[in-house]
Amino acid sequence: MWCDIFSETSIVAEKDGKTLGFISGYKNPNNQNRLFIWQVAVDASARGNGLATKMLRQLLKREACKGIDYVEATVSPSNHPSQALFKGLAEKLDTDCHISDYFIANDFPDEEEEHEDELLFTIGPIAAENK
């Protein structure tokens with residue numbers, strides 16, 4: 001279903017038939033100028049080479065993302081690689097990265113392991129030459 005409904009705002013990176021990474025995203029239904037990144041995954045063998053940033057930038061160049069002015073994602077405080085990814089994206093796009101509280105641990109259902117807070121990263125506005 002994700003590949004059908006959200007294919008224009010998601011991306012897969014492959015090399016020699018092996019999947020090295022993927023990003024799933026969607027246009028925020030309440031703010032159509034925002035691309036919300038749901039998941040980012042990069043195979044251990046491909047980490048540290050900027051693959052996630054390349055995939056994000058490729059998504060922004062797609063026709064479906066022409067009206068996107070902001071990229072948003074939620075990131076837990078302990079997820080330093082994702083924090084670096086989105087801060088780095090803002091730097092490469094020469095724009096702001098605003099970080100704000102979004103969900104607190106108590107917003108999540110009771111689990112055996114406590115869920116961390118989720119911070120909202122908002123990158124933008126994104127200039128037309130970066131789309």
Side-chain angles (χ1 to χ4, degrees):
M1 182 171 70
W2 198 274
C3 294
D4 181 38
I5 297 172
F6 301 107
S7 63
E8 291 300 315
T9 53
S10 298
I11 192 166
V12 174
E14 296 178 322
K15 183 176 182 181
D16 299 326
K18 179 180 179 184
T19 299
L20 295 180
F22 78 89
I23 294 177
S24 57
Y26 61 89
K27 285 186 181 179
N28 184 322
N30 298 320
N31 295 300
Q32 290 286 308
N33 69 334
R34 294 174 186 255
L35 177 65
F36 186 87
I37 301 301
W38 184 258
Q39 291 181 312
V40 176
V42 175
D43 187 77
S45 68
R47 291 182 188 149
N49 297 311
L51 181 59
T53 300
K54 290 174 189 170
M55 289 189 294
L56 285 168
R57 294 193 79 174
Q58 188 64 37
L59 278 174
L60 290 171
K61 293 180 187 298
R62 290 185 176 174
E63 186 65 33
C65 293
K66 292 293 184 200
I68 297 297
D69 297 316
Y70 296 88
V71 172
E72 293 182 321
T74 60
V75 180
S76 60
S78 68
N79 190 339
H80 301 292
S82 287
Q83 289 184 31
L85 168 64
F86 292 111
K87 288 176 184 177
L89 178 66
E91 187 176 314
K92 286 175 178 61
L93 296 177
D94 193 28
T95 194
D96 297 324
C97 178
H98 180 75
I99 303 168
S100 58
D101 293 332
Y102 197 58
F103 294 113
I104 60 170
N106 290 340
D107 290 335
F108 296 94
D110 290 335
E111 299 177 3
E112 289 188 26
E113 286 188 41
E114 185 175 318
H115 197 290
E116 285 187 84
D117 293 343
E118 292 282 338
L119 304 172
L120 180 65
F121 280 60
T122 303
I123 294 92
I126 300 169
E129 63 266 15
N130 289 318
K131 297 182 199 178

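When a residue number appears, it is its place in the shown sequence, counting from 1.
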* Asked: If you round to the nearest 0.5 Å, how far is CG of Leu51 from CG of Leu56?
  ->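 Here the rounded value is 9.5 Å.
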* Atom CG in Leu89, atom CD1 in Ile126: separation rounded to 0.5 Å? ->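 Going from the CG atom of Leu89 to the CD1 atom of Ile126 covers 6.5 Å.
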Under 3.5 Å: donor-acceptor pair, side chain of [X], backbone of [Y]:
{"X": "Glu118", "Y": "Ala73", "answer": "no"}
{"X": "Arg57", "Y": "Asn130", "answer": "no"}
{"X": "Lys27", "Y": "Thr9", "answer": "no"}
{"X": "Thr95", "Y": "Pro125", "answer": "yes"}
{"X": "Asn31", "Y": "Asn33", "answer": "no"}
{"X": "Asp96", "Y": "His98", "answer": "no"}
{"X": "Lys15", "Y": "Leu20", "answer": "no"}

Verify the cluster assignment for [X] and [Y]: are they in a single hydrophobic cluster under the rule of side-chain heavy atoms below 4.5 Å apart?
{"X": "Leu59", "Y": "Tyr70", "value": "no"}
{"X": "Phe36", "Y": "Ile23", "value": "no"}
{"X": "Tyr26", "Y": "Phe22", "value": "no"}
{"X": "Ile99", "Y": "Val75", "value": "yes"}
{"X": "Ile11", "Y": "Val71", "value": "yes"}

Between [X] and [Y], what is the shortest heavy-atom contact and its length?
{"X": "Asp43", "Y": "Thr19", "result": "CB-O, 4.3 Å"}
{"X": "Pro77", "Y": "Gln83", "result": "O-NE2, 2.9 Å"}
{"X": "Arg62", "Y": "Ser10", "result": "NH1-O, 2.6 Å"}

* Asked: Is the number of heavy atoms from other residues, nucleotides or ligands under 6.0 Å of Glu91 CD greater than 12?
  ->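 Counting other residues, nucleotides and ligands, CD of Glu91 stays at 12 neighbours or fewer.
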* To do: Evaluate the side chain to side chain contact (heavy atoms under 4.5 Å, CB included) criterion for residues Asp101 and Leu120: first the C-alpha distance (whole Å), next the side-chain angles of each, then the deciding distance (0.1 Å), finally the verdict.
  => CA-CA 6 Å; Asp101 293 332; Leu120 180 65; over 6 Å; no
